[in-house]
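So the structure is just underneath, and the comments pick up after that.
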Protein chains: 2
Amino acid sequence: MNPLHLSNQLCFPFYSISKEIIKRYRHILKPLNLTYPQYLVMLVLWEEDHVTLKSIGERLQLDSGTLTPVANKLIEAGYVKKTRNPEDERQLVIQLTERGHALQKEAEQIPVKVHDIYGLSEEEYVRYKTMLDDLSMKLGLTSNKEKC
Amino acid sequence: MNPLHLSNQLCFPFYSISKEIIKRYRHILKPLNLTYPQYLVMLVLWEEDHVTLKSIGERLQLDSGTLTPVANKLIEAGYVKKTRNPEDERQLVIQLTERGHALQKEAEQIPVKVHDIYGLSEEEYVRYKTMLDDLSMKLGLTSNKEKC
DNA sequence: TATAATTAAGTTGTGTACAATTTAATTCTA
DNA sequence: TAGAATTAAATTGTACACAACTTAATTATA
């Protein structure tokens, strides 16, 4: 077993599977005029509207250097708007527009289409989900407010 | 179960775990003056030297738009050089330089350090590896020449 | 065998990622 | 309470990632 062989790396399947999943999402998300990171921000907002950019970043593990342009794209697209928190002018508060709310209806089709992406049975899907959530926890990626 | 909740997506842990792993590799690879994609190319070359850019791309699931600049960085760093295949001038042949070969010795430390990254037991590590290789196969990401 | 089709790299443009730094607002503390 | 420390966004610079396109070489075929 050569530890420097590509096929013996655990990092590589994570890297290539992640890219492949996002690539497949691209086609599904294109009609909604969303990229994958933009979609993640919308998921957060559909769960809880009117949140700070900072808290979105904590949820998605993205810093301002990534999130600022993503948020601006969503504003351009007309899905969200930003205001400052009057009680703390440093904080940017992101909230859905009418169009942003309306988009949720269309997005409800996505998880259905996505299921085909993996080619997994319900049982396998859950098994992957459980193992990955475990590892997320081990890597310190899971905030406390998860699970619904 | 709300299918649009972030915590119910299988894509998201793949995305965030993959980014986190690469982030941790960054620190390990920095002393070798390699980024993660550059390291992957080196892994391929240490397995089999003197291969075309195309075949590296197939192995790593990367197209020329990504690989061309990565290869150029490795040339700048002095780890590889490129020549054209005289029998087919379209093909770029990549091969290790002396420094590129020498780097392999240093890189042998990496998988040892990397193991700490995951916080997994040997058994868990193997279980993750097996499941991910399975999914890679399902997604059509695995070429035929794998396993060593 | 000339031309069409295919192929391998390279190029261009858009959109992340993220480290490092800057700016402005808020909080801490001597 | 004035200056120091901290914090949230934004900015800058580097490096992918990939779709779409271009260029040049090779192969297929009418």
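Owing to the predicted nature of the structure, the values given are computational and were not obtained by experimental measurement. Chain letters run A, B, ... following the sequence lines, proteins first, then strands; residues in each count from 1. The analysis underlying the following values was restricted to heavy atoms, covering all of them including side chains, and did not include hydrogens, waters or symmetry mates.
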> Can you tell me if B/Gln38 uses its side chain to pair, donor with acceptor, with the backbone of B/Thr35 under 3.5 Å?
Replying inline: yes
>> Whether the side chain of B/Trp46 engages the backbone of B/Leu103 through a donor-acceptor N/O pair (distance < 3.5 Å, no angle test) should be reported.
In response: no
>> One character per nucleotide, please: for nucleotides 12-20 of chain C, 5' to 3', B when the base has a protein heavy atom closer than 4.0 Å, S when only the sugar-phosphate does, - otherwise.
In response: ---SSBBB-
>> What does the B/S/- profile of nucleotides 1-6 of chain C look like, 5' to 3', with a 4.0 Å heavy-atom cutoff to protein?
In response: ------
> Who are the ring pair (Phe, Tyr, Trp, His ring centres under 6.0 Å) partners of A/Tyr36, not counting sequence neighbours?
Replying inline: A/Tyr25, B/Tyr15
>> Once side-chain hydrogen bond (donor to acceptor under 3.5 Å, both in side chains) is applied, do any residues pair with B/Ser136, and if so which ones, sequence neighbours excluded?
In response: none
N/O donor to acceptor pairs below 3.5 angstrom from side-chain atoms of residues 104-121 of chain A, sequence neighbours left out:
| unit_1 | atom_1 | unit_2 | atom_2 | d |
| --- | --- | --- | --- | --- |
| A/Tyr118 | OH | B/Cys11 | N | 3.2 |
| A/Ser121 | OG | A/Glu124 | N | 3.1 |
| A/Ser121 | OG | A/Glu124 | OE1 | 3.4 |

>> Measuring to OP1 and OP2 of D/dT26, would you say a side-chain N or O of B/Arg84 lies under 4.0 angstrom away?
In response: no
> OP1 or OP2 of D/dA25 sitting under 4.0 Å from any side-chain N/O of B/Lys54?
Replying inline: no
> Who are the side-chain contact (heavy atoms from CB on, under 4.5 Å) partners of B/Gln95, not counting sequence neighbours?
Replying inline: B/Asp49, B/His50, B/Lys81, B/Thr83
>> Salt bridge check, A/Lys129 against A/Asp133: does any charged N sit closer than 4.0 Å to a carboxylate O?
In response: yes
>> If you assign each of A/Lys82 and B/Pro86 to its closest nucleotide in DNA chain D, which residue comes earlier from the 5' end?
In response: A/Lys82
